[in-house]
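None of the values given here were measured: they were computed from a predicted structure. A, B, ... follow the sequence lines: proteins, then strands. Residue 1 opens every chain.
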2 protein chains.
Amino acid sequence: MSDTKENIIGLADELIRKRGFNAFSYNDIAVPLAVRNAAIHYYFPAKSDLGEAVIEVELRRVEEYRRGSERLTGEEQLKLLVGVFRRNNKLRMICLMGSLTPDYDTFEVPMRRKVKEMCLSILDWVAESLEKARGEGKLQFEGEAGDRALLVISTLLSSLLLSRVLGTNIFERMLDQLLQDMRADWRVKDIKL
Amino acid sequence: MSDTKENIIGLADELIRKRGFNAFSYNDIAVPLAVRNAAIHYYFPAKSDLGEAVIEVELRRVEEYRRGSERLTGEEQLKLLVGVFRRNNKLRMICLMGSLTPDYDTFEVPMRRKVKEMCLSILDWVAESLEKARGEGKLQFEGEAGDRALLVISTLLSSLLLSRVLGTNIFERMLDQLLQDMRADWRVKDIKL
DNA sequence: GTCTATATTCCGATAGAC
DNA sequence: GTCTATCGGAATATAGAC
């Protein structure tokens, strides 16, 4: 993939997380990259093509995390997950789920499908990690791992939203509560950056 | 307050919940109300004025809920809260926190302040209800009610986001998990509409 | 208080040269 | 693959008549 194309996707990803899909323009990408908006249209004829590409990359990122952490314990996988969100929090960036799901009904159908696929993929990974950690005795929760994954993602997603408005410390307050609920013996500050 | 003004605010509220603040236009309000966009500008010179008015109404709504449920038990207050969200869920509408916090950094400062005020007000109400319900022995949780309120709001907010993408039943799955965690002896389906 | 009319700006998108 | 140039449309917003 060409550098320009990669840079466009990378910057679009950042803009989606910081300002939302409907709030950024081709110009917001063209100016920092010092190209004309026609160059962006060359790679992504319509804005939704760019949106889909950003999600596609995220899907691959999730797959990589998944394959790259296969040999880790469930607990380590969860620390990895929480670490990713904490890093985003420090950068005032929300996650793609938190940014794209509120605007879901304004998207064209193909992009909606991609958003849904992304949500399912992330949830699946989290559920797997939770189940694994429970099997190791490092986590306790009742019910199915898929249901618990919904609550975990919910907390991660919302903590990024609320942190920006109410202050960064909200993230740790929320995550530590969640970890306590699941009887984890570690807290956010225990994760090495 | 004039009918037109009220109708504008009401429709704007709906559009914010369904499509997001940055995705709706004055025309989306003018057409259904059969007025010209100049009429909307008469009441709300700038779009942010309209946004602030919508939040203002929500703030008063929260205050009303609060005063109107003072004599209810904490448990009944929570059922009321969950019921409000469930009704929104059925209408495919997300809450204002879920819609406005992702776009927070695109707002002008006065509107950001209002968003923050709204978040704090809702959290405060939830914390109060949780504390009350805990005192009644109808709910169990560790730590401060304020921290727990963050998790409760997080689940309500996210369930609306995810329900639209993954299916309406997500709402009940998530809320029932949350209630189970707090050892509540009721579930979503027990709430009368 | 609502209208017509319009200013202004910005957006996504495309044609065609290089 | 990137550019210049431009189109068509939509957005927010305002002036001034009624």
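- Atom P of nucleotide C/dA13 and atom CD1 of A/Ile8 are separated by 14 Å, given to the nearest angstrom.
- For A/Leu50 and C/dA13, the CG to C1' distance is 14 Å, given to the nearest whole Å.
- Around CD of A/Glu63, the count of heavy atoms belonging to other residues, nucleotides or ligands within 6.0 Å exceeds 12.
- What separates NZ of B/Lys47 from C1' of D/dA13 is a distance of 13 Å, to the nearest Å.
- With rounding to whole Å, B/Asn27 atom CG is found 14 Å from D/dA13 atom P.
- Grouping the Ile, Leu, Val, Met, Phe, Trp and Tyr side chains by contacts below 4.5 angstrom, directly or via other members, places B/Leu178 with B/Leu161.
- In this structure, A/Ser25 reaches the C/dC11 phosphate: one of its side-chain N or O atoms is under 4.0 Å from OP1 or OP2.
- Here B/Phe24 lies in heavy-atom contact (under 4.0 Å) with sugar-phosphate atoms only.
- When the P atom of C/dG1 is taken as reference, atom CE of B/Met1 falls 13 Å away, rounded to whole Å.
- Taking every side-chain heavy atom of A/His41 into account, C/dA13 is the closest of D/dA13, D/dC3, C/dA13.
- Side-chain proximity of B/Tyr43 to the nucleotides C/dC3, C/dG1, D/dC3 is greatest for C/dG1.
- Closest to the side chain of B/Val35, out of C/dC3, D/dA13, D/dA11, is C/dC3.
- Residue contacts for B/Thr4: at a heavy-atom cut-off of 4.0 Å it reaches the sugar-phosphate backbone alone, with no base atom in range.
- Picking from C/dC3, D/dA13, C/dA13 the nucleotide with the shortest atom distance to the side chain of A/Asn37 gives C/dA13.
- Between A/His41 and A/Tyr26, the ring-plane angle classifies as parallel under the 30° and 60° cut-offs.
- Contact annotation for B/Ala39: backbone-only contact, meaning every heavy-atom pair under 4.0 Å involves sugar-phosphate atoms and none involves a base.
- Backbone-only contact: B/Ala34 has heavy atoms under 4.0 Å from sugar-phosphate atoms and none from a base.
- Annotation: side chain of B/Phe171 is not in contact with side chain of B/Lys90 (no heavy-atom distance under 4.5 Å).
- Computed from coordinates, the A/Asp28 CG to C/dG12 C1' distance equals 13 Å when rounded to whole Å.
- We find that OH of A/Tyr42 is positioned 5 Å from C1' of D/dG1, with the value rounded to whole Å.
- A/Leu15 and A/Val31 fall into different hydrophobic clusters, defined by Ile, Leu, Val, Met, Phe, Trp and Tyr side-chain heavy atoms under 4.5 Å apart, directly or through other members.
- B/Tyr26 has no side-chain polar atom (N or O) that falls below the 4.0 Å cut-off from OP1 or OP2 of D/dA11.
- The interatomic distance linking B/Ile40 (CD1) with D/dT14 (P) rounds to 14 Å, in whole Å.
- Closest to the A/Arg36 side chain, of the nucleotides D/dT4, D/dT2, C/dG12, is D/dT4.
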